[in-house]
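So that the names make sense, note that chain A is the first sequence line, chain B the second, and so on, each numbered from 1.
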Amino acid sequence: MSPDVFSLLMKALGETVAMVVVSMVAATAIGVPLGVLLVTTAKGGVLACPVLNRAVAAVVNAIRSIPFIILMVAIIPFTRLVAGTSIGTTAAMVPLTLASIPFIGRQVETSLREVPYGIIEAALAMGATPMQIIWRVYLPEALPSIVAQLTTVVIALVGESAMAGAIGGGGLGDLAIRYGYQRFRPEIMLATVIVLIALVQLVQFAGNALAKKLNKKEM
Amino acid sequence: MITLSHIEKTYEGPDGGVAALKDVSLTVAKGEIFGIIGLSGAGKSTLVRCINLLERPTKGSVVVDGLDMTSLSAAELREARKSIGMIFQHFNLLSSATVYDNVAFPLRLSGMDEDKIRAKVEPLLSLVSLDDKANQYPAQLSGGQKQRVGIARALASEPKVLLCDEATSALDPQTTKAILELIRDINQKLGLTVVIITHEMQVIKDICDKVAVIENGVITESGRVIDVFTDPQRPMTKEFISVLMGSGLPPDLQNAPISAEPIPGGRLLVRLTFVGSSAGEPVISTLIRKYDVEADILYGNIDSIKDTPYGRMLIGLSGTADAVENALSFLREKDLRIEVIGYVA
């Protein structure tokens with residue numbers, strides 16, 4: 001591998017990691033509370049408010065049904081407002097975050113629904129407030145499952161970040177398209193794919209290990 | 001301590017309301033162990049949840065320790081629930097928390113500081129014999145140990161009432177016995193009022209003072225356990241008791257035709273139930289001596305309900321019609337319950 005290819009790869013990897021990490025952190029910060037909201041405001045939930053629940057669910061579904069490449073282009077004005085620019089790695093983080101929020105919301109919702117109702121009922125019987133139930137029952141009990149679900153979201157983000165090239169976001173996917181495909185350099189295509197596989201494996205391995213460490217249900 | 005008056009609970013279904021509880025009233029005195037027995041779907045779980053308002057009754061009033069539960073605000077209700085402990089069939093422990101943290105959970109909800117929590121949790125773990133398991137997770141415990149954690153957790157906030165929702169139904173017979181002994185122990189030591197929901201008559205018999213039988217959302221029979229046990233009125237109550245004790249007929253009589261009219265040369269089957277001190281009286285020997293009858297003892301057993309001994313005996317009386325009639329009158333005067341089953345050949 002020539003030094004220029006290596007430096008291209010490292011720069012692209014750095015961009016991909018930056019996009020995934022920043023988008024993931026931002027999307028988790030909003031997506032986890034969204035998942036909590038979807039569960040607790042549902043009928044029979046500890047903060048039951050079916051009207052709000054249906055409204056939020058509709059917005060979540062709407063965003064999730066837009067293909068990422070279209071979402072990215074469609075929200076350019078919003079991106080410019082948030083990131084100050086509509087092109088480049090930083091700009092790509094905005095649509096990546098936006099697309100991941102409802103995804104995380106649904107994944108967290110699934111995890112929280114796995115918490116047996118009996119445990120919630122026990123907490124209610126002990127006089128727990130809805131916020132105590134969220135912080136002290138739902139989240140700790142669902143944590144291993146949430147970690148596993150978030151791992152899936154990180155991997156999906158690695159995939160989506162490959163499309164960031166469309167708005168000049170750079171990253172591994174962009175490198176593979178521009179050099180490997182458009183300039184007929186198969187060795188760059190191959191190297192990119194290998195780095196992507198290694199990255200995804202690493203994320204999955206770390207996610208599984210953490211989820212397993214946190215899970216006290218099977219010992 | 002607990003008074004439920006005219007409780008109705010109706011669930012809205014697609015075909016209109018489904019009544020789970022119909023005009024249920026009951027009173028549980030302080031320090032009493034009160035059992036509620038019924039088949040699954042009879043409404044007993046709903047009924048126990050009406051006490052701490054996990055289920056809000058559609059109608060009727062719930063008074064616990066002088067507080068009218070249905071009139072409380074959400075915050076007042078949370079506070080009131082802290083003096084009502086509850087344990088569950090499936091334990092409902094936090095899987096992500098250790099035994100210690102599970103027991104500390106209700107105290108942390110109240111914002112107690114960690115030193116005080118430790119001073120409370122440790123004696124509770126000793127009380128339920130789990131001192132050595134404090135740092136284990138529920139998945140590492142047996143069913144009986146999990147229920148002990150449940151009990152310690154329920155007691156942490158020093159409740160006045162303990163609600164047990166099928167608390168032993170997921171446990172094997174030995175473990176059930178140990179858990180029931182623990183509940184009884186706590187009831188005596190702490191003077192706690194206990195309400196037990198179960199479908200097992202054994203549980204009622206072992207530790208309850210009073211019992212209510214619930215069928216299809218209605219309480220059909222209630223009273224002191226010893227009375228309901230020795231003199232059940234309703235077919236279902238009899239059924240529950242016979243599951244526990246057998247029919248009380250020896251095998252050769254189980255399928256024999258029983259006649260209401262005397263059969264020449266036949267015997268009159270009479271079931272005698274002795275309760276408490278009358279279990280010691282020489283009834284049968286007196287019967288044979290004073291009346292010209294033969295009394296064959298066909299079946300007998302002695303058992304106890306909570307702490308009261310009681311015996312059941314099946315005798316076959318034979319003799320002249322007058323002698324048998326006199327013998328029956330004698331038995332009726334004694335301090336025991338008699339049930340005339342009928343004549344067999």
From CE (A:M126) to OG (B:S110), nearest 0.5 Å: 10.5 Å
How about B:E122: does its CD atom have over 12 heavy atoms from other parts shown lying under 6.0 Å from it? yes
Donor-acceptor pair, distance only, cut-off 3.5 Å: does the side chain of A:E141 make one with the backbone of B:S95? yes
Between A:T129, A:L214, A:I120, A:L143, which residue shows the highest count of heavy-atom pairs closer than 4.5 Å to chain B? A:T129
Sub-4.5 Å heavy-atom contacts with chain A: which residues of residues 34-53 of chain B show up? B:R49, B:N52
Looking only at heavy atoms, what is the nearest atom pair of B:R153 and A:A122, with distance? NH2-CB, 3.6 Å
With a cut-off of 6.0 Å (strictly less than), are more than 12 heavy atoms of other residues, nucleotides or ligands near CG of B:L182? yes
From A:I119 atom CD1 to B:F105 atom CZ, the distance as rounded to the nearest 0.5 Å: 9.5 Å
Euclidean distance, B:N92 CG relative to A:E121 CD, rounded to 0.5 Å: 7.0 Å
Could you look at B:L54 and say if it's the side chain, the backbone, both or neither that has a heavy atom under 4.5 Å from chain A? side chain
If you count the non-hydrogen atoms of other residues, nucleotides and ligands that lie under 6.0 Å from CZ in A:F205, is the total more than 12? no
Taking side chain as everything from C-beta outward and backbone as N, CA, C, O, which of these in B:L93 sits under 4.5 Å from a heavy atom of chain A? Side chain, backbone, both or neither. backbone
Between A:P130 and B:R78, what is the shortest heavy-atom contact and its length? CD-NH1, 3.9 Å
Taking C-beta and beyond as the side chain, do A:L124 and B:R81 meet within less than 4.5 Å on heavy atoms? yes
Chain B heavy atoms under 4.5 Å from A:P116: which part of the residue, side chain, backbone, both or neither? neither
